[in-house]
Amino acid sequence: MQSDTKTSNLLKTHSLCRYYNRGPQQVRAVDEVSLSVKRGEFLGIVGASGSGKSTLLSLLAGLDTPTSGQIEIENTKLSTFNRRELAAYRARRIGMVFQSFNLIYHYSALKNVEMALYFNSTPGRERQEKAVEILGNLGLGDRLSHRPADLSGGEQQRVAIARALVKSPEILFADEPTGNLDYENSQLIANLLSDLNKQGLTIIMATHDLDFANRCCHRIISMHYGKIIDNIGSSSSKREKP
Ligand SMILES: Nc1ncnc2c1ncn2[C@@H]1O[C@H](COP(=O)(O)OP(=O)(O)OP(=O)(O)O)[C@@H](O)[C@H]1O
Ligand SMILES: [Mg+2]
């Protein structure tokens, strides 16, 4: 990869807002957020519960529409994408680990992961091979046929991570990826995400776990009532910036 490409902005937001109106009450979930993320960066988003982290990730992933403001991906406004382009963005370029997993409850772990490849036209046999491999890497090789209800919370979280990673996305949005994991599994995810980031994956991660963020992220921002209040900058982990 050329260095100018590597240091260029991949994602940018301009005065991004997402407001919810509930009768007389207005919730400013994301409020005038202007942010740039470079290709190859590992950005952490921290902040109290309700500060807008998940809402911001959903907007960046093209899963929600802003009330106002813009999101640019490589200098193209997301708002100019037609339905097909937006679907392609979601299916091919991004991976999303949802805070609440969003697994399909009547599908097995294997099929939940395979499904992510269905939408980017990967041939059937390859879909299964890739899904088996990544589930194995996440320690779920003996849980392939389990449905979400027959998995622990941490196992479901790892299936959700496998589903986001199996399609080799360009950007990973991870919403509390270790929220349900014990120390050992959270280490496994930290190492996995750090390795993928070193190979070029851009990661934007919301977390309550500042230790975890410090271990993995190049830069950490803090949200408060929908606004970025602090750009904590390079973490103390001495990781190389992109
Ligand atoms: N559909 C909705 N309608 C109204 N308000 C909403 C809606 N979705 C989220 N909110 C509000 O927006 C704010 C931000 O929510 P969000 O889920 O982004 O917070 P968060 O930082 O991810 O919190 P947590 O750390 O608990 O996951 C919260 O106050 C929440 O109550
Ligand atoms: Mg959240």
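The chain is numbered in sequence order, starting from 1. Whatever order the structure lists them in is the order used to number ligands and atoms, beginning at 1.
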Salt bridge between Arg39 and Glu170, side-chain N to carboxylate O under 4.0 Å?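 Salt bridge present between Arg39 and Glu170.
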
Compute whether any side-chain donor of one residue and acceptor of the other, for Asp211 and Asn214, lie under 3.5 angstrom apart.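 No pair is found: no donor N or O on one side chain lies under 3.5 Å from an acceptor on the other.
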
Can you confirm whether some protein heavy atom lies under 4.0 Å from atom 24 (P) of ligand 1, or whether none does?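 Answer yes: something from the protein, a heavy atom, is under 4.0 Å.
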
Less than 4.0 Å from atom 30 (C) of ligand 1, is there any heavy atom belonging to the protein?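 Answer no: nothing from the protein, no heavy atom, is under 4.0 Å.
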
Does the side chain of Leu10 reach to within under 4.5 Å of the side chain of Ile73, using non-hydrogen atoms?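 Heavy-atom side-chain distance check passes, below 4.5 Å.
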
Can you tell if the side chain of Ile45 reaches within under 4.5 Å of the side chain of Ile228, non-hydrogen atoms only?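 Ile45 vs Ile228: side chains apart.
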
If you count the atoms of ligand 1 from 1 in the order shown, which ones are under 4.0 Å from a heavy atom of [X]?
{"X": "Gly52", "answer": "14 (C), 18 (O), 19 (O), 20 (P), 21 (O)"}
{"X": "His208", "answer": "25 (O)"}
{"X": "Ala29", "answer": "12 (O), 13 (C), 14 (C)"}
{"X": "Thr55", "answer": "14 (C), 15 (O), 16 (P), 18 (O)"}

Verify the neighbour count for atom CZ of Arg147: are there more than 12 heavy atoms of other residues, nucleotides or ligands below 6.0 Å?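 Counting neighbours around CZ of Arg147, 12 or fewer heavy atoms of other residues, nucleotides or ligands fall under 6.0 Å, so no.
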
Over 12 foreign heavy atoms within 6.0 Å of OH, Tyr225: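 Not more than 12 within 6.0 Å, no.
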
For ligand 1, note which part of [X] has a heavy atom under 4.0 Å away: side chain, backbone, both or neither.
{"X": "Arg22", "result": "side chain"}
{"X": "Ala48", "result": "backbone"}
{"X": "Val27", "result": "side chain"}

Check whether [X] reaches the backbone of [Y] with its side chain - one donor and one acceptor, N or O, closer than 3.5 Å.
{"X": "Gln128", "Y": "Glu114", "answer": "no"}
{"X": "Thr67", "Y": "Tyr19", "answer": "yes"}
{"X": "Thr178", "Y": "Leu181", "answer": "no"}

Connected via hydrophobic side-chain network under 4.5 Å: Val27 and Leu63: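 No, it is not one cluster - the side chains of Val27 and Leu63 are not joined through contacts under 4.5 Å.
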
For the Mg ion (ligand 2), decide whether Ser49 has an N, O or S atom at a distance under 2.8 Å.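 So Ser49 does not bind the Mg ion (ligand 2) by this criterion.
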
Check whether any N, O or S atom of Gln99 sits under 2.8 Å from the Mg ion (ligand 2).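 Short answer: yes, at least one N, O or S atom is under the cut-off.
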
Of all the non-hydrogen atoms in the protein, which one sits nearest to [atom], and at what distance?
{"atom": "atom 26 (O) of ligand 1", "value": "Ser49 OG, 2.6 Å"}
{"atom": "atom 17 (O) of ligand 1", "value": "Ser54 CB, 3.7 Å"}
{"atom": "atom 27 (O) of ligand 1", "value": "Gln99 NE2, 2.8 Å"}
{"atom": "atom 28 (C) of ligand 1", "value": "Gly50 O, 3.7 Å"}
{"atom": "atom 9 (C) of ligand 1", "value": "Tyr20 CE1, 3.5 Å"}

